[in-house]
Amino acid sequence: SEKHVNLYVGAAASTENTGTTITNSIKFETQFVLAINSFSQICELKFNTESDKPQNELSQLLQKNQIAQLQLLYSNSYKHYFTAPQETLASLREFEKLQNFYKITNSELASVSITYSQPVSEKYLIEARDLLTKNNIEFFESFQTELSLHFIINSQQIDAAVQILHNLI
């Protein structure tokens, strides 16, 4: 069943506020960029092996020490990109010194995403990669979801990347 939820931005106590209705029934006729989004605190983590054992050990370590789980953004067999609140990152860095099954290899990363009105194909990913490369924006990883393209970049290039990708709008 479809649900309609009123999302209130600002003071919701007033009866004049109607909010924004969020629904999945909007169908766009053409393909276009809806939004460019960025997130500035991304880390790269590597485990000492590709098995599930170190991942389970990390999860147990977090749980045992009552530390929030990491928000995984992208993962392949050897690199894992995640974000977490600052206090979680600080704890993870402290625990990193006491173990040998994971290592934070880069904590100066950011993500930039392009959200489209319709599902995206590899063609859009290639075009966006080319645009970033042409403008000297280095990306460490790129991937797509149904409606979005995502890039893991150096956090110092986040403003430039957002400005360049705004040219797609």
Side-chain angles (χ1 to χ4, degrees), residues 1 3 5-10 12 20 22 24 33-116 119-122 124-126 128-129 131-133 135-166:
S1 77
K3 296 188 181 207
V5 178
N6 288 332
L7 171 66
Y8 294 100
V9 179
T20 302
I22 307 298
N24 65 355
V33 174
L34 289 172
I36 307 293
N37 295 299
S38 63
F39 191 78
S40 62
Q41 182 64 46
I42 308 294
C43 295
E44 178 186 87
L45 181 137
K46 291 183 181 177
F47 291 108
N48 65 0
T49 179
E50 291 183 20
S51 76
D52 288 341
K53 187 175 181 202
Q55 295 170 353
N56 293 336
E57 287 181 38
L58 177 60
S59 183
Q60 290 170 5
L61 177 75
L62 295 172
Q63 187 174 22
K64 176 182 156 192
N65 292 283
Q66 298 181 348
I67 299 170
Q69 292 293 320
L70 310 176
Q71 181 183 352
L72 188 64
L73 301 175
Y74 179 76
S75 182
N76 60 32
S77 60
Y78 58 97
K79 291 181 189 176
H80 307 274
Y81 296 99
F82 71 92
T83 188
Q86 289 296 332
E87 58 273 9
T88 300
L89 293 175
S91 296
L92 199 59
R93 285 187 206 347
E94 287 301 311
F95 287 121
E96 181 180 20
K97 299 171 190 172
L98 306 173
Q99 54 73 48
N100 63 1
F101 59 87
Y102 76 86
K103 180 153 184 64
I104 298 173
T105 53
N106 192 343
S107 59
E108 301 296 323
L109 300 172
S111 71
V112 179
S113 302
I114 310 167
T115 303
Y116 287 84
V120 293
S121 66
E122 181 83 14
Y124 293 98
L125 186 60
I126 291 168
R129 280 184 193 151
L131 182 61
L132 291 172
T133 300
N135 287 280
N136 299 315
I137 303 295
E138 177 186 8
F139 53 91
F140 297 90
E141 200 66 60
S142 63
F143 58 98
Q144 66 189 69
T145 54
E146 183 182 5
L147 296 173
S148 298
L149 306 176
H150 308 273
F151 300 90
I152 306 294
I153 64 171
N154 183 310
S155 62
Q156 294 174 345
Q157 293 186 302
I158 194 168
D159 292 336
V162 168
Q163 289 302 316
I164 289 161
L165 294 174
H166 266 121

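Residue numbers run from 1 in the order of the sequence given. Keep in mind that the numbers below use all heavy atoms, side chains included, and drop hydrogens, waters and symmetry copies.
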> Taking it one step at a time, do L109 and S155 satisfy side chain to side chain contact (heavy atoms under 4.5 Å, CB included)?
CA-CA 5 Å; L109 300 172; S155 62; 5.7 Å; no

> On a heavy-atom basis, which atom in T88 and which in A68 lie closest, and how many Å separate them?
CG2-O, 3.6 Å

> Can you list every salt bridge (Lys or Arg N to Asp or Glu O under 4.0 Å) pair that touches residues 82-94, not counting sequence neighbours?
E94-K97

> What are the two closest heavy atoms between P119 and L147, and how far apart are they?
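Closest heavy-atom pair between P119 and L147: N-CD2, 3.3 Å.
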
> Nearest 0.5 Å, what's the CZ-CD1 distance between F95 and I67?
4.0 Å

> Between the side chain of N154 and the main-chain N/O of Q156, is any donor-acceptor distance below 3.5 Å?
yes

> Nearest 0.5 angstrom please: Q157 CD to N136 CG, how far?
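Interatomic distance, Q157 CD to N136 CG, rounded to 0.5 Å: 8.0 Å.
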
> Would you call the rings of H80 and F47 parallel, tilted or perpendicular if under 30° counts as parallel and over 60° as perpendicular?
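H80 and F47: perpendicular rings.
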
> Supply the atom-to-atom distance K79 NZ to L45 CG, rounded to the nearest 0.5 angstrom.
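Nearest 0.5 Å value for the NZ-CG distance: 12.5 Å.
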
> If only atom types and distance count, is the side chain of Y102 paired as donor or acceptor with the main-chain N or O of E57 below 3.5 Å?
no

> What pairs of donor and acceptor atoms, side-chain ones from residues 35-44 against any protein atom, are under 3.5 angstrom apart with sequence neighbours left out?
| from | atom 1 | to | atom 2 | distance (Å) |
| --- | --- | --- | --- | --- |
| E44 | OE1 | T105 | OG1 | 2.4 |
| E44 | OE2 | Y81 | OH | 2.9 |

> I would like to know whether F82 and L92 meet side chain to side chain contact (heavy atoms under 4.5 Å, CB included); could you show each step before the answer?
CA-CA 12 Å; F82 71 92; L92 199 59; 3.6 Å; yes

> Of all residues at least two apart in sequence or in a different chain, which pass the side-chain hydrogen bond (donor to acceptor under 3.5 Å, both in side chains) check with T145?
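Once residues adjacent in sequence are excluded, the partners of T145 under the side-chain hydrogen bond (donor to acceptor under 3.5 Å, both in side chains) criterion are H150.
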
> Is there side-chain contact between L62 and L70, with at least one heavy-atom pair below 4.5 Å?
yes

> Run the side chain to side chain contact (heavy atoms under 4.5 Å, CB included) check on L132 and L165 step by step: do they pass?
CA-CA 8 Å; L132 291 172; L165 294 174; 4.0 Å; yes

> Is there a side chain to side chain contact (heavy atoms under 4.5 Å, CB included) between F140 and N106 once you walk through the steps?
CA-CA 11 Å; F140 297 90; N106 192 343; 4.2 Å; yes

> Rounded to the nearest 0.5 Å, how far apart are CZ of F151 and CG of L125?
5.0 Å

> Distance check, rounded to the nearest 0.5 Å: L58 atom CG versus Q69 atom CD?
7.5 Å

> Between the side chain of E141 and the main-chain N/O of Y74, is any donor-acceptor distance below 3.5 Å?
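Answer holds: no.
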
> Working to the nearest 0.5 Å, report the span between OG of S148 and CZ of F143.
9.5 Å

